[in-house]
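No experiment lies behind these values; they were computed from the predicted model shown. Ligands are counted one by one from 1 in listed order, and the atoms in each one are counted from 1 as well.
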Amino acid sequence: MVDDLKQQIMANGQPLVLIGMMGTGKSHFGRMLSKALGLEYYDSDTLVEEKAGCAISEIFARWGEDNFRSVEAKTIKDCIDKGVCVISTGGGAILNADTAQNIFANTLSIWVDAPVDVILQRVKKNRNRPLLACENPADVLQELMQVRRPIYERARFKLESGVTDADSALRTVLKDIETYLRQNKTE
Ligand code: S3P
């Protein structure tokens, strides 16, 4: 099934782009997808960190969020321009209107969603999330989610993380992609 799907994805020509809140597992699922399909994998946070030569928390502290956002937008555009591959993006990437437009018009977009309590458990262990390095991460998370949810919802596919095991969540989204590509095949 995966070989057929890879062929369909190659024929479609668009990258698979994972969007969604921090701590939902975008990078984890991105790597799983890239391995399952034998496609190149790019992680926008990692690429931005490589460009800056330091961690995201330091980029925010030294140059501010706006600066991070503009490097992030350019990084994601360059990845999308590569064609078929798997890209995971930072949770706030879709706040940039051009990035959102590009993702929703030109990619197989996948919203990775997870229950808030699962997200909070996961981000607690990680200090590299400056937006949640505060007294009340649960409130901040809810506020961010309120603004972002309507944008994430525009994604073509949804991957439910933290509800079932990762393998079955992945299998479900692969099946959804296969069905979509079969129905939207251009001869
Ligand atoms: C952010 C999410 C982070 C990272 C930065 C900002 C956000 O990426 O880009 O800390 O605004 O939600 P992850 O979603 O990979 O944690």
Side-chain angles (χ1 to χ4, degrees), residues 15-34 40-80 85-104 107 109-155 157-163 166 169-170 173:
L16 278 70
V17 176
L18 291 91
I19 63 173
M21 285 298 285
M22 295 172 254
T24 51
K26 296 181 297 286
S27 304
H28 181 64
F29 283 108
R31 280 191 293 270
M32 284 177 86
L33 275 169
S34 116
E40 281 296 319
Y41 172 63
Y42 302 98
D43 180 319
S44 72
D45 283 342
T46 305
L47 293 172
V48 171
E49 288 185 326
E50 281 170 9
K51 278 185 198 169
C54 61
I56 289 177
S57 51
E58 212 175 323
I59 303 176
F60 269 62
R62 279 209 217 164
W63 297 291
E65 181 174 349
D66 286 354
N67 192 289
F68 168 78
R69 295 287 173 213
S70 65
V71 180
E72 177 181 50
K74 165 92 175 76
T75 302
I76 293 171
K77 185 187 178 306
D78 290 347
C79 290
I80 292 175
C85 61
V86 178
I87 306 164
S88 63
T89 62
I94 42 73
L95 296 173
N96 178 296
D98 292 337
T99 302
Q101 158 65 19
N102 198 4
I103 290 176
F104 298 126
T107 79
S109 49
I110 304 169
W111 172 25
V112 184
D113 192 23
V116 172
D117 54 321
V118 172
I119 297 180
L120 280 170
Q121 277 306 318
R122 288 183 184 159
V123 296
K124 260 204 323 219
K125 296 177 210 142
N126 187 325
R127 287 166 198 280
N128 198 22
R129 297 220 166 80
L131 295 179
L132 297 181
C134 57
E135 294 276 294
N136 49 347
D139 295 347
V140 173
L141 198 66
Q142 293 285 7
E143 280 164 30
L144 293 176
M145 194 62 185
Q146 235 176 16
V147 174
R148 296 175 181 187
R149 195 179 183 92
I151 311 177
Y152 294 144
E153 280 173 346
R154 292 170 59 196
F157 307 102
K158 186 172 177 191
L159 192 160
E160 300 280 2
S161 168
V163 181
L170 191 82
V173 82

_If you apply the rule side chain to side chain contact (heavy atoms under 4.5 Å, CB included), what do you find for Leu159 with Asp113, and how did you get there?_
CA-CA 6 Å; Leu159 192 160; Asp113 192 23; over 6 Å; no
_Between Thr99 and Lys77, a side-chain donor and acceptor under 3.5 Å_ = no
*Ignoring hydrogens and angles, state whether a donor on the side chain of Thr75 or Tyr42 is under 3.5 Å from an acceptor on the partner side chain.*
no
Heavy atom of the protein closest to [atom] (residue, atom name, distance):
atom: atom 15 (O) of ligand 1; result: Asp45 OD2, 2.8 Å
atom: atom 12 (O) of ligand 1; result: Arg148 NH1, 2.6 Å
atom: atom 5 (C) of ligand 1; result: Ile56 CG2, 3.9 Å

*asked:* If the contact criterion is a heavy-atom separation under 4.0 Å, does Glu65 count as touching ligand 1?
replied: no
*asked:* Which heavy atom of Cys79 sits nearest to which heavy atom of Cys85, and what is that distance?
replied: O-SG, 4.0 Å
_If you compare all heavy atoms of Pro15 against all heavy atoms of Ile87, which two are closest, and at what distance to 0.1 Å?_
CB-CD1, 4.0 Å
_What's the separation between atom NZ in Lys51 and atom OG in Ser44, rounded to the nearest 0.5 Å?_
9.5 Å
Could you list the atoms of ligand 1 found under 4.0 angstrom from a heavy atom of [X]?
X: Arg69; answer: 6 (C), 7 (C), 11 (O)
X: Leu131; answer: 7 (C), 11 (O)
X: Lys26; answer: 13 (P), 14 (O), 15 (O)
X: Gly90; answer: 8 (O), 9 (O), 14 (O)
X: Pro130; answer: 10 (O)

*For the pair Tyr152 and Trp111, name the ring-plane relationship: parallel under 30°, tilted 30 to 60°, perpendicular over 60°.*
parallel
*Return yes or no for this condition: an N or O of Phe68 is under 3.5 Å from an N or O of ligand 1.*
no
*Can you check side chain to side chain contact (heavy atoms under 4.5 Å, CB included) on Met21 and Leu141, steps first, answer last?*
CA-CA 9 Å; Met21 285 298 285; Leu141 198 66; 3.4 Å; yes
*Can you tell which of Met22, Arg129, Met21 gets a heavy atom nearest to atom 2 (C) of ligand 1?*
Met22
